[in-house]
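Proteins come first, then strands; the chains are lettered A, B, ... in the order of their sequence lines, and each starts at number 1.
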Amino acid sequence: MDLAQATATSGGDVDTPVRAAHAPISPATDAYLSQQLNPAQKDAVTAPDGPLLILAGAGSGKTRVIAYRIAFLVMERKVPADAILGVTFTNKAAGEMKERVEKLIGPDARRVTLGTFHAICARWLRRYIDRIGYDSSFSIFDADDQLTLLKRLYADAGINQKQFAPQAVRAEISKAKERLETPAQYSRRAEDPFQSAVASLYRRYQESLQEQNAVDFDDLLVLMLRVFEEAPDVLRRFQRQYQQVLVDEYQDVNKVQYLLVKHLAAGHRNLTIVGDDSQAIYGWRGADVRYILEFEHDFPESRVVRLEQNYRSTKTILKAAQAIEAGLSARRDKRLWTENGEGVPITVCQAADERDEAMFVAREVEKLHNEGQRYRDIAVMYRMNSQSRALEEALVRRRLPYQIVGGTRFYERREIKDVLAYLRLINNPADAVSLERIINVPNRGIGDTTLDQLRDWAAALGIPVPYTLKLLRELDQAHEQGTDRQASIAPPFGDRAKNQLVAFARLMSDLQEAGRTSGLVELFDMLLLRTGYREYLANDKAGEERWENVMELRSVVTDYAGMEPGAGLRAFLENASLVADVDSLKAEQDSITLLTLHSAKGLEYPVVFITGMEEGIFPHSRSQGDPEQMDEERRLCYVGMTRAMQRLYLVHCDVRTVYGTPRSGEPSQFLASVPMDRLHLVNSYGMQAHSLGGGQAAVRTWSGTGTTIGGQAGGRGGREGSGRPERKQFGSLEAIIQRTGIRHGSDFVQTASLTPQARPTAATVPPVRVPTRGNAAPAPVVAPAKAKYAAGQRVRHTSFGQGTVLASAITRRGEEEVRVRFDGVGEKTLLGALAPMEIVA
DNA sequence: TAGTATTTAATTTTT
DNA sequence: TTAAATACTA
């Protein structure tokens with residue numbers, strides 16, 4: 001029996017008032033819920049109207065609870081489905097929620113409003129943004145568009161890019177918006193030169209957005225809030241429509257989202273929020289845990305339900321995660337427990353470097369798969385997207401199927417952005433950022449000079465750039481018809497440039513016409529055809545693949561084929577702007593999932609690997625020194641570990657190559673928090689790491705002295721007391737030269753890194769080919785007249801002892817690369833300056 | 001103007 | 001390592 005049947009059999013309630021909020025629950029429903037839910041979950045689901053705070057620990061079944069509560073509200077409390085508003089963190093979560101509710105109450109579920117804050121606000125703004133001076137065909141700018149716009153504004157504001165990184169300015173503006181500061185308010189607060197620069201940029205930025213009828217991600221929320229505040233009738237409408245508001249992941253809500261929720265629930269106060277302060281990981285995005293911690297302050301009459309039984313993880317995993325949690329400096333008291341078994345110990349692996357780490361993961365995955373584990377049950381997580389590369393390589397090499405979340409996202413690919421820019425411009429002719437993106441893509445001979453002239457002309461006329469194009473077309477048309485018409489200021493272009501501009505303007509106007517009349521798929525095809533985009537891609541190295549991506553986009557477009565021309569385009573664009581990476585995760589596909597710890601929020605897997613458990617990586621170096629940020633890293637670790645159901649692997653490397661240079665890394669402090677009796681220590685071959693000895697020694701290694709750089713050569717692992725050799729890093733070329741004793745200009749030079757003055761002519765030093773590491777193609781370099789090491793030489797290294805030089809070469813970087821066989825240790829390739837060796841004989 | 005060569009800079013996490 | 005900005009050449 002499902003909930004629908006249960007309530008149906010309870011009978012007789014149909015005539016009772018629409019919302020009998022505190023009415024007793026019908027016995028049938030009650031019995032059904034008791035059977036489906038534990039007592040706390042049932043309390044949460046059946047809680048009476050009014051503010052409700054559900055503190056849901058990891059794996060405590062909160063999605064289930066929200067779905068049941070929505071179903072309960074509809075079926076038992078007779079709240080119309082379209083009077084329920086549910087906010088989730090991702091679109092995927094919204095989709096899943098909808099499915100679950102549909103299973104409980106049937107097709108009515110589709111009338112529930114479910115989505116992310118951004119998606120919901122975008123939808124609402126389409127209807128009401130005209131109240132605050134925008135047009136409903138507004139473009140949504142992503143971070144990339146924001147940067148493009150900012151860079152454009154730099155010149156106008158007389159600021160140069162070297163001084164203040166556009167990235168930093170973008171982040172600062174975003175923060176200001178999250179605090180609801182207008183440019184004027186920000187300007188008043190500005191103290192240092194950076195802030196003054198931002199103040200002026202922020203003002204122009206916002207003006208420019210409005211001028212081109214565009215909004216950024218923050219605006220979606222901020223402007224919706226403004227609508228609420230400036231158009232009370234709209235707010236009242238929403239308040240009336242949504243009798244019940246539910247918000248998931250409330251610990252990651254920011255000020256604007258908080259205020260939106262508060263406004264919506266202000267009348268009836270039927271607000272259900274769900275969250276876990278220990279899982280707050282978006283502080284950097286303006287989220288503030290205080291909103292969940294102080295919920296009861298905000299809503300004194302609120303009811304609190306704690307979900308403390310974990311159904312997901314083994315006792316071992318839960319204990320370990322709680323040990324991480326216990327290290328937080330501030331948290332709400334919780335007691336998460338589980339009836340699940342102890343399970344297997346957590347595996348901690350010490351790998352040599354990221355390739356070794358990836359190897360370990362791949363090998364382990366293979367082993368598990370041979371034991372019957374499905375690939376789709378396995379996830380590999382990391383702190384930064386850049387860490388995925390080595391993992392991918394290893395998985396490809398072993399031919400293991402995987403899907404990756406994030407990285408270069410589909411919608412951020414150049415070809416996709418190009419096509420989207422066309423579509424955006426068709427939808428919103430004022431969109432200058434899109435216009436400038438594609439005005440010369442494919443090449444139309446409209447270069448920088450022409451573009452500058454166009455902008456100057458627009459400025460002189462005092463109209464936005466996109467309209468000057470329209471004007472130019474009209475002038476041209478008038479000219480052809482003999483009814484000559486003059487612009488107040490004559491267009492400054494040469495004939496060639498003018499013709500190209502007019503042709504482009506015609507093209508766009510034709511496409512815009514098609515946008516109004518044709519279906520979306522026809523429009524899409526026409527756009528590709530008329531622009532010659534395919535031919536353009538043919539010249540590209542990766543043209544084939546790019547074209548496939550365009551075709552993939554076309555298949556997405558077909559989903560909107562049935563809609564009205566304008567509306568379909570709008571819906572498609574909106575969706576394209578707001579999809580998150582996790583949204584595209586395919587659960588059905590049997591493949592390993594690679595994703596960042598942040599994207600892993602809300603997901604669960606039987607087997608979880610967390611890689612890069614090193615100081616500086618996780619916790620990230622940018623967080624070190626700031627207790628609040630360190631707490632957030634720790635919560636992130638907690639989130640990651642609690643994704644695991646049965647098996648958890650924590651992997652760290654001795655050496656990791658960051659931006660091309662290897663660095664030694666100490667094991668993450670988080671590893672030291674994990675109770676030793678829950679661990680199984682291995683090397684990258686999955687073998688028990690004897691050298692780590694008893695737990696105590698290992699813990700000491702982790703928390704204190706660190707491990708040896710490249711210590712994998714012999715007995716892998718941190719030998720207690722071996723100490724950590726000083727961190728040796730390549731600095732400037734000067735430093736290299738100093739350290740290696742090679743003088744540039746005379747002894748050797750290589751072309752790429754040296755200053756032009758020092759670059760020799762080809763005649764003086766003939767290029768030779770030298771062997772490089774691995775099987776990579778030999779790098780063409782200039783032969784050193786005198787390298788430090790020569791084949792056959794005996795050398796001594798601080799970590800590896802004595803050895804014999806096999807070969808030596810100067811790399812493109814100007815580093816001397818030396819291959820040495822160390823006595824009893826095998827062959828190693830070393831960069832001279834990274835690991836200087838003493839020449840013995 | 002377009003294409004190529006070279007230099008420089010940047011690297012957290014995302015709706 | 002690589003993307004993006006810049007300089008240079010055809």
For residues A:Phe618 and A:His652, establish whether the separation of their ring centroids is below 6.0 Å.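 So the answer is no for these two rings.
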
Report yes if the distance between the aromatic ring centroids of A:Tyr205 and A:Phe141 is under 6.0 Å, otherwise no.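 No; A:Phe141 has its ring centre 6.0 Å or more from that of A:Tyr205.
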
When you get a sec, tell me which of [options] is the closest nucleotide to the side chain of [X]?
X: A:Arg496; options: B:dT12, B:dT1, C:dA5; answer: B:dT1
X: A:Asn385; options: B:dT1, C:dA5, B:dT14; answer: B:dT14
X: A:Arg389; options: B:dT14, C:dT2, B:dT11; answer: C:dT2

Return the value, rounded to whole Å, for the distance between atom [atom1] of [X] and atom [atom2] of [N].
X: A:Ile281; N: B:dT15; atom1: CD1; atom2: P; answer: 11 Å
X: A:Tyr638; N: B:dT13; atom1: OH; atom2: P; answer: 24 Å
X: A:Met613; N: B:dT12; atom1: CE; atom2: P; answer: 20 Å
X: A:Met384; N: B:dA10; atom1: CE; atom2: C1'; answer: 13 Å
X: A:Asp626; N: B:dT12; atom1: CG; atom2: C1'; answer: 14 Å
X: A:Glu249; N: B:dT13; atom1: CD; atom2: P; answer: 20 Å
X: A:Lys175; N: B:dT12; atom1: NZ; atom2: P; answer: 12 Å
X: A:Leu223; N: B:dT15; atom1: CG; atom2: P; answer: 20 Å

Donor-acceptor under 3.5 Å ([X] side chain, [Y] main chain):
X: A:Glu632; Y: A:Gly283; value: yes
X: A:Asn499; Y: A:Arg496; value: no
X: A:Glu357; Y: A:Gly612; value: yes
X: A:Glu614; Y: A:Cys653; value: yes
X: A:Thr611; Y: A:Met381; value: yes

Quick one: label [X] by what it contacts on the DNA or RNA (base, sugar-phosphate, nothing), any heavy atom closer than 4.0 Å.
X: A:Tyr282; answer: sugar-phosphate
X: A:Asp218; answer: nothing
X: A:Asn443; answer: sugar-phosphate
X: A:Ser621; answer: nothing

Geometric cation-pi criterion, A:Arg126 with A:Phe138: 6.0 Å, 45°: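 Yes, a cation-pi geometry holds between A:Arg126 and A:Phe138.
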
Is there a side-chain polar atom (N or O) of [X] under 4.0 Å from OP1 or OP2 of [N]?
X: A:Thr90; N: B:dT15; answer: no
X: A:Ser599; N: B:dT14; answer: yes
X: A:Ser577; N: B:dT15; answer: no
X: A:Arg414; N: C:dA3; answer: no
X: A:Arg383; N: B:dT12; answer: no
X: A:Lys601; N: B:dT13; answer: no

In terms of the nearest nucleotide of DNA chain B, which residue is placed more toward the 5' end: A:Arg444 or A:Ala119?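 Counting from the 5' end, the first nearest nucleotide belongs to A:Arg444.
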
Specify the residue among A:Leu451 and A:Gln629 whose closest nucleotide of DNA chain B lies further upstream toward the 5′ end.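 With A:Leu451 and A:Gln629 compared, the 5'-side residue is A:Leu451.
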
Which value, in whole Å, describes the distance between the P atoms of nucleotides B:dT11 and C:dT6?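 The same atom, P, in both gives a distance of 15 Å.
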
Using the P atom on both, measure C:dA4 against B:dT13 and round to a whole Å.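 Per the computed distance, 15 Å lies between those P atoms.
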
Is the ring centre of A:His118 under 5.5 Å from the base ring centre of B:dT15, and are the two planes under 30° apart, so that they stack?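 Here the ring of A:His118 and the base of B:dT15 are not stacked, as the 5.5 Å and 30° limits are not both satisfied.
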
Would you check if A:Trp284 stacks with the base of B:dT13, given a 5.5 Å centroid limit and a 30° plane limit, both strict?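 Yes; centroid distance and tilt both under limits.
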
Relative to the ring of A:Trp124, is the ring of A:Phe228 parallel (under 30°), tilted (30 to 60°) or perpendicular (over 60°)?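 Judged by the thresholds at 30° and 60°, the geometry between A:Phe228 and A:Trp124 is tilted.
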
DNA chain B: stems of at least 3 consecutive Watson-Crick or G-U pairs, cut-off 3.5 Å?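 Stem segments, range with range: B:1-10 with C:1-10.
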
